[in-house]
Trainee: 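What follows is a structure written as C-alpha cells; I'll ask about it next.
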Amino acid sequence: MLHFTCDSCGEQIAEDRFVVRLEVYPAQRPAELTADDLQPDHLQALAEELNALEESEEAQELPQTRLFRYDLCPRCHARYVQDPLRVATKKRLNFSEN
Ligand SMILES: [Zn+2]
C-alpha cells in the first residue's frame with residue numbers, strides 16, 4: 001500500500017489527500033506593432049508570423065516554465081486554500097513586528 005506524507009507538515013496522510021499543482025510561466029507579451037505592419041500587404045505576413053509563433057509555443061515549453069506538485073493533508077490543505085501565496089500571513093507578521 002502506498003503511503004503519502006504531507007509536503008507541508010511532513011506527517012503521514014492517513015485519509016484524504018489533496019494535491020496542489022502549480023504551473024509558473026512567463027506571461028506572453030503581444031508582439032509590438034509598427035505602422036509598417038499595418039500596411040495591407042504586411043498584414044498577411046504578420047498573420048502567418050503570429051500563427052507560426054503560436055504553433056512553436058505550443059510545441060515546446062518555455063524553459064522558464066516550472067511545474068510543482070505537492071501532497072497535502074486535510075489540515076494543511078485547509079490552511080493552504082485560505083492563502084496560497086501566504087500574503088495574509090506575511091502582512092500579519094509585518095504588522096506584529098511594528
Ligand atoms: Zn500537513
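Note that ligands are numbered from 1 as they come in the structure, with each ligand's atoms numbered from 1 the same way. Basis for what follows: all heavy atoms, side chains included, without hydrogens, waters or symmetry-related copies.
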Trainee: Taking the Zn ion (ligand 1) as the center, what protein N, O or S atoms are found at less than 2.8 Å?
Mentor: C6 SG, C9 SG, C73 SG, C76 SG
Trainee: Is it true that L22 and L72 fall in one hydrophobic cluster, defined by side-chain heavy atoms closer than 4.5 Å?
Mentor: yes
Trainee: Distance check, rounded to the nearest 0.5 Å: T5 atom OG1 versus R17 atom CZ?
Mentor: 10.0 Å
Trainee: Could you please spell out the steps behind the side-chain contact (heavy atoms from CB on, under 4.5 Å) verdict for V24 and F68?
Mentor: CA-CA 8 Å; V24 185; F68 300 89; 3.9 Å; yes
Trainee: Are the side chain of D71 and the backbone N or O of F4 linked by a donor-acceptor pair below 3.5 Å?
Mentor: no
Trainee: From C73 SG over to Q12 CD, what is the distance, rounded to the nearest 0.5 angstrom?
Mentor: 11.5 Å
Trainee: Under the salt bridge (charged side-chain N to carboxylate O under 4.0 Å, His left out) test, which residues partner R21, sequence neighbours left out?
Mentor: none
